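This one's a predicted model, so the numbers in the text were calculated from it and none came from an experiment. The analysis underlying the following values was restricted to heavy atoms, covering all of them including side chains, and did not include hydrogens, waters or symmetry mates.
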Amino acid sequence: MSSIIDLFAQHKSERSYTDQPVEDAVLERIISAAYYAPTSVNSQQVSVVVTRDAAQRQQIAAIAGGQPWIAKAPVFLTFVLDMHKSRLAIEASGREQIAQQSIESVVSGATDVGIALGSVMAAARAEGLGIVPIGGIRRDPEAMIALLDLPDYTFPVAGVVIGHVDQPAHQKPRLPLPTFRHEERYQQADLPQHIADYNAQLVQHWQTTGRSDGESWSDSVSGYYQHIYFPHVLVALHKQGFGTDK
């Protein structure tokens, strides 16, 4: 197995950081991994906002629902779906951009953001740093938009904390591989049993690592998916100029 595969297979979301700064040269290398990542039709519809100011990180932590690791770690990156710069490029050629009116633009842009985010996380871990991706910035997207001064046709999709780890996290077990890898067609028959087995495994993991409040996967994910837990995304997307009805 190559070292890069080892890096991915050992992923942990770290939530305990020192306040040691990340060197400028290291951060530049990490961000370059996202800068050179592929994008749909070479649209380059991703931008990254770097936040190192402590007061700004504290505000982002509050926007994300009170996540202290955002304020503690020295760097926070916000990944932005950016069709503002493509609009400027198209206008310069005397044409009009209309792609942002479709749900496809959101799906495509979020996909490109995911590629960039994954590249940054791998690069940061290769530099010996810890990371934790943050979707909580979508809890109040209009506040993030205002804080980062984002223009029309942009949207803050996700962020990532980067820093030096203080107390390392435990790697959580995953659902059995057959729930992820499907040969030729989606295999449904054994899913209920795989999920039951994983529920028991995850509860045991929490007990082993000292988390008496740890839930099964079914209970944990239902805490999010039995309701719309980021209900302000659609309104913010529309205010930013994106459409979702085409």
Side-chain angles (χ1 to χ4, degrees), residues 1-40 42-82 85 109-138 144 147-148 150 154-174 180 205 209:
M1 184 183 290
S2 67
S3 59
I4 188 65
I5 296 176
D6 285 334
L7 194 70
F8 280 111
Q10 294 166 6
H11 165 77
K12 295 183 294 182
S13 289
E14 303 288 358
R15 293 180 172 84
S16 176
Y17 294 90
T18 72
D19 56 6
Q20 180 183 344
V22 174
E23 295 179 8
D24 289 345
V26 172
L27 184 58
E28 184 174 344
R29 288 196 296 271
I30 291 169
I31 291 175
S32 72
Y35 175 67
Y36 288 110
T39 58
S40 175
N42 195 32
S43 59
Q44 301 181 61
Q45 58 188 337
V46 180
S47 290
V48 176
V49 179
V50 181
T51 303
R52 287 188 277 193
D53 178 78
Q56 289 274 94
R57 287 187 283 106
Q58 186 69 53
Q59 290 185 68
I60 295 171
I63 289 168
Q67 300 190 40
W69 36 89
I70 297 175
K72 179 65 174 178
V75 177
F76 187 82
L77 303 183
T78 302
F79 289 80
V80 179
L81 162 54
D82 186 353
K85 54 190 172 187
T111 298
D112 287 353
V113 163
I115 293 169
L117 174 60
S119 299
V120 156
M121 291 193 297
R125 294 187 61 235
E127 293 282 357
L129 299 170
I131 56 89
V132 55
I134 303 292
I137 60 170
R138 299 191 304 278
M144 280 297 294
L147 182 66
L148 303 182
L150 299 181
T154 65
F155 190 81
V157 176
V160 65
V161 171
I162 300 176
H164 296 271
V165 176
D166 185 9
Q167 299 295 322
H170 298 280
Q171 187 178 37
K172 291 191 290 289
R174 298 282 181 171
F180 178 79
H205 165 79
T209 57

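None of V46, L81, V80 except one satisfies the side chain to side chain contact (heavy atoms under 4.5 Å, CB included) rule with V157; the exception is L81. When each of I131, V160, V48 is checked for a side chain to side chain contact (heavy atoms under 4.5 Å, CB included) with V120, only V160 meets the rule.
To the nearest 0.5 Å, atom CG of residue L148 and atom CD1 of residue I63 are 7.5 Å apart. The distance from atom CG of L7 to atom CE of M121, rounded to the nearest 0.5 Å, is 10.5 Å. Atom CD in Q171 sits 10.0 Å away from atom OG in S13 (nearest 0.5 Å). Atom OG of S119 sits about 12.5 Å away from atom CD1 of I31, to the nearest 0.5 Å. Expressed to the nearest 0.5 Å, how far CG of D112 lies from CZ of F79 amounts to 12.5 Å.
Residues passing the salt bridge (charged side-chain N to carboxylate O under 4.0 Å, His left out) test with D24 are R52, sequence neighbours excluded. Applying the side chain to side chain contact (heavy atoms under 4.5 Å, CB included) test to D166 and every residue at least two apart in sequence or in another chain returns S16, T18. With sequence neighbours excluded, the residues that form a salt bridge (charged side-chain N to carboxylate O under 4.0 Å, His left out) with R29 are E127. Partners of K12 by salt bridge (charged side-chain N to carboxylate O under 4.0 Å, His left out), not counting sequence neighbours, listed by chain and number: E14. With sequence neighbours left out, the side chain to side chain contact (heavy atoms under 4.5 Å, CB included) criterion links P74 to V22.
Among pairs with a residue in residues 54-64, none fulfils salt bridge (charged side-chain N to carboxylate O under 4.0 Å, His left out), at least two apart in sequence or across chains.
Closest of all the heavy-atom pairs between A158 and L117 is CB-CD2, 4.2 Å. Taking each heavy atom of L77 and V75 in turn, the nearest pair found is CD2-CG1, 3.8 Å. Among all heavy-atom pairs drawn from T78 and M144, the shortest one is OG1-CE, 3.6 Å. Of all heavy-atom pairs between F76 and I134, the closest is CE1-CG1, 3.8 Å. In terms of heavy-atom proximity, I115 sits nearest to A37 at CG2-CB, 4.0 Å.
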Set out, in order, the CA-CA distance, both residues' side-chain angles and the distance that settles side-chain contact (heavy atoms from CB on, under 4.5 Å) for Q44 and N42, then state yes or no. CA-CA 5 Å; Q44 301 181 61; N42 195 32; 3.3 Å; yes
